[in-house]
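Remember, it's 1-based here, ligands and their atoms both numbered in the order they're listed. Heads up: numbering here begins at 1 and tracks the sequence.
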Amino acid sequence: VVETSGGGSYPVRIGAGVLESLPMMLEERVRSRHLAVIADDRVAGLHAGRVMTLLEGSGHRVDLYTFPEGEASKSRKEWARLTDAILEGGMGRDGCLIALGGGVTGDLVGFVAATFMRGIPVVQIPTSLVAMIDSSVGGKTGIDLPGGKNLAGAFHPPRFVLIDPELAATLPPEERAQGLMEALKHGAILDRSYFDLLRADAKDLLDGEVAPTVRAVRRSVDLKADVVGQDEREAGIRQILNFGHTLGHALEAESGYRLPHGTAVARGMVLEARLGERLGVTRPATADRIAAAVRDFGIDPTVEPLGRDEVDRILRHTERDKKVRDGATRYVLIEEIGVASPADGWSRVVGSREVEAVLSFPGGETV
Ligand SMILES: NC(=O)c1ccc[n+]([C@@H]2O[C@H](COP(=O)([O-])OP(=O)(O)OC[C@H]3O[C@@H](n4cnc5c(N)ncnc54)[C@H](O)[C@@H]3O)[C@@H](O)[C@H]2O)c1
Ligand SMILES: [Zn+2]
């Protein structure tokens with residue numbers, strides 16, 4: 001159960017086969033007769049049939065809407081098209097949207113639900129590991145603008161979340177590894193034994209074995225839900241979920257978004273751990289341990305030493321980040337694996353000189 005700042009809460013059901021409980025959960029938590037399942041075209045082809053059959057079998061009126069797969073669909077254009085389409089399809093205030101898919105679908109459909117007639121219920125059924133481990137819980141929804149990712153959005157908590165790892169069986173291993181980087185992040189900021197468990201299970205997790213996947217998703221959702229429940233609006237402790245993301249987002253942007261998010265965050269975590277080591281906040285050798293864990297998942301954590309111009313561009317990206325407050329870039333630092341540093345309200349301003357040093361010598365050499 002995830003608490004929301006409005007004093008409400010929503011359940012998150014996790015387990016192999018929980019998809020079957022969708023009609024019952026709708027009955028309990030939503031009571032709309034008119035439903036719209038929205039999925040990208042790939043996920044629709046793989047999984048929408050089963051969901052539609054479940055819902056039609058339980059006497060719902062249900063329509064299916066699809067959109068092209070990929071981040072490019074998290075756009076004003078797709079938001080507008082879907083909004084028009086559900087209106088045309090007779091959706092009203094008493095309807096409910098079902099977001100079936102990865103993080104793109106959850107964010108986009110969540111935002112359509114948040115804004116349609118000032119807000120209608122949404123149910124999240126994540127199908128990618130990114131969405132199961134991270135994006136389906138927490139209530140953040142939104143779309144990208146030409147000026148940057150996730151720049152228009154709303155907090156719109158779902159009525160409930162159903163996480164059935166069997167849906168992820170069709171996910172390619174590289175996509176799996178991407179989502180697992182956020183799980184490593186949860187371990188790195190909150191739970192050392194979880195971090196170690198993920199490393200031990202790395203191969204099985206990449207192979208898509210159900211038991212370790214359920215275990216990891218449960219632990220990640222528990223950890224994230226606890227943090228979000230304390231601070232839904234990211235005024236305090238929720239910021240620790242941004243570990244690795246200040247530099248990660250900058251690397252992603254600098255690559256023209258060719259670098260996948262998980263890989264960018266993995267490298268960001270290593271760099272931000274080095275930054276912490278430099279500042280005497282993070283225990284020595286922590287960055288190397290994170291790098292080794294990232295390698296366990298087949299992702300290359302190394303960042304080549306950057307030249308003057310690249311460093312400047314990265315710094316400029318960090319200055320444009322949403323996490324900037326009062327004109328200063330803030331970083332979440334960890335004290336060691338499993339312990340985020342609470343100092344300065346869970347994130348702190350770090351001088352650009354220090355960041356520059358880490359980017360110029362990302363292997364940790366100091367001159
Ligand atoms: N709201 C939040 O708190 C939050 C947190 C993290 C990430 N996000 C957002 O999530 C997005 C990334 O999520 P993502 O990586 O899931 O992207 P995605 O939704 O584009 O999914 C990645 C790819 O996997 C495919 N896919 C999904 N499930 C599948 C399955 N079961 N079988 C086969 N293929 C499947 C999709 O069609 C897509 O091609 C980004 O837009 C990011 O901003 C949001
Ligand atoms: Zn992330």
Quiz prompt | Interfacing atoms of ligand 1 (cut-off 4.0 Å, heavy-atom, Gly102) | solution = 16 (O), 19 (O)

What distance do [X] atom [atom1] and [Y] atom [atom2] have between them, rounded to the nearest 0.5 Å?
X	Y	atom1	atom2	answer
Leu259	His249	CG	NE2	11.5 Å
Ile14	Arg218	CD1	CZ	6.0 Å
Gln178	Glu174	CD	CD	9.0 Å

Counting only heavy atoms, which portion of [X] has something under 4.0 Å from ligand 1: side chain, backbone, both, or neither?
X	value
Glu69	side chain
Val130	side chain
Gln178	neither
Asp40	side chain
Thr141	neither
Leu167	backbone

Which residue and non-hydrogen atom of the protein lie closest to [atom], and at what distance in Å?
atom	answer
atom 9 (C) of ligand 1	Asp107 OD2, 3.4 Å
atom 16 (O) of ligand 1	Ser128 OG, 2.6 Å
atom 14 (P) of ligand 1	Gly103 N, 3.5 Å
atom 5 (C) of ligand 1	Ser135 CB, 3.3 Å

Quick one: which of [options] has a heavy atom closest to [atom]?
atom	options	result
atom 40 (C) of ligand 1	Glu71, Gln124, Arg42	Glu71
atom 29 (C) of ligand 1	Leu171, Leu108, Leu129, Val265	Leu171
atom 27 (C) of ligand 1	Leu100, Val104, Thr127, Ile143	Thr127

Practice problem: Any chance you could lay out the side chain to side chain contact (heavy atoms under 4.5 Å, CB included) test for Val104 and Asp40, step after step, and finish with the verdict? | Solution: CA-CA 9 Å; Val104 164; Asp40 73 26; 5.9 Å; no

Self-check item: Metal-centred angle, the Zn ion (ligand 2) as apex - NE2 of His245, OE2 of Glu182, 10° resolution
Solution: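 That angle works out to 120° after rounding to 10°.
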
Self-check item: Test item, His261 contacting ligand 1 (heavy atom, 4.0 angstrom)
Solution: no

Quiz prompt | Among Asn150, Val122, Thr141, side-chain contact (heavy atoms from CB on, under 4.5 Å) partner for Phe111 | solution =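 The residue from Asn150, Val122, Thr141 that satisfies side-chain contact (heavy atoms from CB on, under 4.5 Å) with Phe111 turns out to be Thr141.
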
